[in-house]
Amino acid sequence: YARAQSKLAELILDGTIKPLKGDKTGRLVREAALQGDMIAETIVALEIIYSDGANDRDMTVAISKIRALASQGKPRAQFILSALIDEGRANVLQGQSSIDLLRASASSGFLKSMKVLGLRLLKEAGSDQEISEEGFRWLRKSADAGDRESQLYLAMLCIDQSNISKLCKK
């Protein structure tokens, strides 16, 4: 039963299925969170963060939970915390800038982080070739791991951008 709850929570967090508030799925996820399931705890925290009626205390507790999981090196939590920082919902703490969190998550093999980090670095690189190359490497890793969006972005970059085309040949 606990394994099924954990798998359900994972499917919700990955976006494979969507929870409906107040339904049996939501109850199962909340039960798993109370039992200490990390993925379920993250989902419950995100529910609080993105709900209309959340008060400051609830928001602080929810963000603290995600920050704690990110500090433990959990790649999903690092990815989520990075997004919360970018959205202005969470503050940057020492060593936890949005880019640093994405790098840590991507380095752990989290595919979404690889793609987002690659695209973000490419967008922000400007004329900085080193940053462009790092962004390209992350996007390529994501594409090589089978991420279809990354494959598409990579193909478009290799066709459209002459400064990136050298990297495409490697």
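The figures here come from the full heavy-atom set of this structure, side chains too, leaving out hydrogens, waters and symmetry mates.
Listed by chain and residue number, Glu41 satisfy the salt bridge (Lys or Arg N to Asp or Glu O under 4.0 Å) test with Lys65 (two or more places apart in sequence, or in another chain). For Arg120, the salt bridge (Lys or Arg N to Asp or Glu O under 4.0 Å) partners are Asp86, Glu124, not counting sequence neighbours.
Within the model, atoms NZ of Lys74 and CD1 of Ile66 stand 14.5 Å from one another, a figure rounded to the nearest 0.5 Å. Between atom NZ of residue Lys115 and atom CZ of residue Phe79 there is a gap of 7.5 Å, rounded to the nearest 0.5 Å. Atoms CD and NZ, on Glu149 and Lys112 in that order, are 10.0 Å from each other to the nearest 0.5 Å. Once rounded to the nearest 0.5 Å, the distance linking CG of Leu157 with CZ of Arg140 reads 10.5 Å. Atom CG of Leu111 is separated from atom OG of Ser150 by 6.5 Å, given to the nearest 0.5 angstrom.
You'll find the side chain of Trp138 stays beyond 4.5 Å of the side chain of Leu119, heavy atoms only. Side-chain contact between Leu121 and Ile99 is present, with heavy atoms from C-beta onward closer than 4.5 Å.
When every heavy atom of Leu139 is checked against every heavy atom of Tyr153, the shortest pair comes out as CD2-CB, 3.9 Å. Of all non-hydrogen atoms in Leu122 and Ser132, the two that sit nearest each other are CD2-O, 3.3 Å.
Other residues, nucleotides and ligands place no more than 12 heavy atoms under 6.0 Å from the CD atom of Glu130.
Hydrophobic clustering keeps Val61 apart from Ile63 (ILVMFWY residues linked when any side-chain heavy atoms are closer than 4.5 Å, directly or through intermediates).
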Please table the atom pairs, donor to acceptor, closer than 3.5 Å between any side-chain atom in residues 101-108 and protein atoms at least two apart or in another chain.
{"unit_1": "Arg103", "atom_1": "NE", "unit_2": "Glu134", "atom_2": "OE2", "d": "2.7"}
{"unit_1": "Arg103", "atom_1": "NH2", "unit_2": "Glu134", "atom_2": "OE1", "d": "2.9"}
{"unit_1": "Arg103", "atom_1": "NH2", "unit_2": "Glu134", "atom_2": "OE2", "d": "3.3"}
{"unit_1": "Ser105", "atom_1": "OG", "unit_2": "Pro75", "atom_2": "O", "d": "2.8"}
{"unit_1": "Ser105", "atom_1": "OG", "unit_2": "Ser113", "atom_2": "OG", "d": "2.6"}
{"unit_1": "Ser107", "atom_1": "OG", "unit_2": "Arg103", "atom_2": "O", "d": "2.8"}
{"unit_1": "Ser108", "atom_1": "OG", "unit_2": "Ala104", "atom_2": "O", "d": "3.2"}

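The main-chain N or O of Thr60 is found under 3.5 Å from a side-chain atom of Ser64 such that the two form a donor-acceptor pair.
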